[in-house]
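Basis for what follows: all heavy atoms, side chains included, without hydrogens, waters or symmetry-related copies. We name chains A, B, ... by the order of the sequence lines, and we start the count at 1 in each one.
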There are 2 protein chains.
Amino acid sequence: MRPESRKQEIINAAAILFKEKGYSAVTMRDLAKAMGIKAASLYNHIQSKQEILSTIIIGLAEEFTVGMNKIVNSDENTIQKLENIIDLHIDVTLRNADGLASLNNDWMHLEEDNLQYFEKMRQEYEDNFRDIVKKGLEKGEIKPYNVEIMVFSTLSTLRTLYLWYPEQKEIDSDILKRDMISVLLKGVA
Amino acid sequence: MRPESRKQEIINAAAILFKEKGYSAVTMRDLAKAMGIKAASLYNHIQSKQEILSTIIIGLAEEFTVGMNKIVNSDENTIQKLENIIDLHIDVTLRNADGLASLNNDWMHLEEDNLQYFEKMRQEYEDNFRDIVKKGLEKGEIKPYNVEIMVFSTLSTLRTLYLWYPEQKEIDSDILKRDMISVLLKGVA
DNA sequence: GTATCAAACTAACAATTGTTAGTTTTGTTT
DNA sequence: AAACAAAACTAACAATTGTTAGTTTGATAC
């Protein structure tokens, strides 16, 4: 157990509260109470409420960007790439499910520069995803359904993992990966 | 064009704002500005901000409850039942995508009684969904993957439709239904 | 033209918000 | 024990929040 910095403790506590009620509904006094201190004391460690949010979201977005770039630039086939994307989402979710709630639901409360930066990363991530599916379709590695529907459907499931996985502790992470890949790629029927 | 009551106009405008920023981040002054009036004037039509939220969410939740009950009590087979659930979600989404944002993201801001009522409906909806999948699995109509994963995966996609569909106007609703059913039931690979 | 009624308005409220300034406590290092 | 830095505290601020009270406007019915 390496000791976490006080700042990181605050950010982790904030992520939990943001997950439960959303960024706007969590006050600095709520956060302070969760930390067992007074609201003003938080400012010995952080600069602003906004800084907490951007630290949570931008860090995660960059993780996805790095992961996706590796997958796109690999020479694996389409199915393997899709499997790797599923892997990426499961890994990030296991490591920081609370933070993903903010990324999914509170990104619009980022301020100017970080908001633009985030939206750019998200756009590129989705474009990369779409390109993988499109190429798979051209090569006949994927069924000829509407590309947008396939991308949306898969991404919806992966994005929502954060809500669901923490409650399914009995499911081993390898079984999760295997069945998730099966369900998304081969369907249920 | 039947004229909508002023109250309903306010609720519709609120749903759009709630979708963009979430319930907590939307002020009564924001809502008033969107309506072209002053905040105090809203109270000639509604009782409270909370009333707006509960009207949006409870109405939609009841729609899903009614729809799901019809499906569960029908004598169709598992695949047909799943198709009907997909249909239900697409229909509701087409009719009120904005309201679904609140149902998905702001239900936790409902107050005591309505919160309990909502959570009960959601629980029963998910239980019904799970039972359909379980029975389909027993009868061999569905592949033997983890039930929770199948339910979660399908429901994630259907719940997120509200975010995605309004931007895909070029896709005909019948094609959407057909390909959505294909992707969810047969997979992409 | 006067009464009626819905729907807007102005003005204000008490509570809550994020944040700052300045001070005290706590624990460690000299 | 003296000095120091980290991290807590109290007290307060200006702005914003949902909401109320009381008033005015504008259209319709008599």
Visitor: Compute the bend angle of the helix from dG1(C)-dC30(D) to dT30(C)-dA1(D) from the end axes (five pairs per end), rounded to 10°.
Guide: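 The angle separating the two end axes equals 0°.
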Visitor: Count the heavy atoms of every other residue, nucleotide or ligand shown that sit under 6.0 Å from CG of D113(B), and state whether that count exceeds 12.
Guide: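 Count not over threshold, so no.
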Visitor: Got a list of protein N/O to nucleotides 19-26 of chain D N/O distances below 3.5 Å?
Guide:
from	atom 1	to	atom 2	distance (Å)
dT19(D)	OP2	Y43(B)	OH	2.5
dT19(D)	OP2	K49(B)	N	2.9
dT19(D)	O5'	Y43(B)	OH	3.2

Visitor: If I take atom NZ in residue K33(B) and atom C1' in nucleotide dT17(D), what distance separates them, rounded to the nearest angstrom?
Guide: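 After rounding, the gap between these two atoms is 15 Å.
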Visitor: Verify, without hydrogens or angle tests, whether Q168(B) (side chain) and L176(B) (backbone) share a donor-acceptor contact under 3.5 angstrom.
Guide: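 No; zero donor-acceptor contacts below 3.5 Å.
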Visitor: Give the nucleotide from the list dA7(C), dT10(C), dC9(D) with an atom nearest to the side chain of R6(B).
Guide: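 Selected nucleotide (nearest to the side chain): dA7(C).
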Visitor: Distance check needed: dA6(C) P versus M35(B) CE, whole Å only.
Guide: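 Distance check: M35(B) CE to dA6(C) P gives 17 Å.
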Visitor: Taking the side chain from N69(A) and the backbone from T65(A), do they hold a donor-acceptor pair closer than 3.5 Å?
Guide: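 Yes; at least one donor-acceptor contact below 3.5 Å.
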Visitor: Write down the distance between CD1 (I37(A)) and C1' (dA7(D)), rounded to a whole number of angstrom.
Guide: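 Distance check: I37(A) CD1 to dA7(D) C1' gives 8 Å.
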Visitor: From OH of Y23(B) over to P of dT17(D), roughly how many Å is that when rounded to an integer?
Guide: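 Computing the Y23(B):OH to dT17(D):P distance gives 13 Å.
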Visitor: Does S41(A) make a side-chain N or O approach to OP1 or OP2 of dC9(D) shorter than 4.0 Å?
Guide: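 True: S41(A) side-chain N/O within range (under 4.0 Å) of dC9(D) OP1/OP2.
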Visitor: Using whole Å, what does the distance between atom P of nucleotide dT10(D) and atom CG of L42(A) come to?
Guide: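 Rounded to the whole Å, the gap is 14 Å.
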Visitor: Between C1' on dT17(D) and CG on D30(B), what's the gap in Å once rounded to a whole number?
Guide: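 About 11 Å, once rounded to whole Å.
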Visitor: Hey, what do you get for OH (Y117(B)) to CG (L110(B)), rounding to the nearest 0.5 Å?
Guide: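 That separation rounds to 12.0 Å.
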Visitor: Separation of K7(A) atom NZ from dA8(D) atom P, in whole Å?
Guide: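 Distance, rounded to whole Å: 15 Å.
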Visitor: Ignoring hydrogens and geometry, is there a side-chain-to-backbone donor-acceptor pair from K49(B) to Y23(B) under 3.5 Å?
Guide: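 Indeed, once roles are kept as given, a pair shorter than 3.5 Å links the two residues.
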Visitor: Ignoring hydrogens and angles, tell me if any N or O in the side chain of D179(A) forms a donor-acceptor pair with the backbone of Y145(B) under 3.5 Å.
Guide: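 The answer is no, because no donor-acceptor pair under 3.5 Å joins these two groups.
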Visitor: Rounded to whole angstroms, how far apart are CD on E9(B) and C1' on dA6(C)?
Guide: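 Rounding to the nearest Å, CD of E9(B) and C1' of dA6(C) are 14 Å apart.
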Visitor: Under the 3.5 angstrom rule, does the side chain of D106(A) hit a backbone N or O of H109(A) as a donor-acceptor pair?
Guide: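 Looks like no, no N/O pair under 3.5 Å.
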Visitor: Of T157(B), T160(B), T154(B), which is the lone residue that meets side-chain hydrogen bond (donor to acceptor under 3.5 Å, both in side chains) with T157(A)?
Guide: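 Only one option passes, and that is T157(B).
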Visitor: With respect to the phosphate group of dA8(C), does any side-chain polar atom (N or O) of H45(B) fall under 4.0 Å of OP1 or OP2?
Guide: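 So the side chain of H45(B) is within the cut-off, an N or O lying under 4.0 Å from OP1 or OP2 of dA8(C).
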Visitor: Could you tell me whether K81(A) and E141(A) have a side-chain N and a carboxylate O separated by less than 4.0 Å?
Guide: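 Salt bridge between K81(A) and E141(A), a charged N being under 4.0 Å from a carboxylate O: no.
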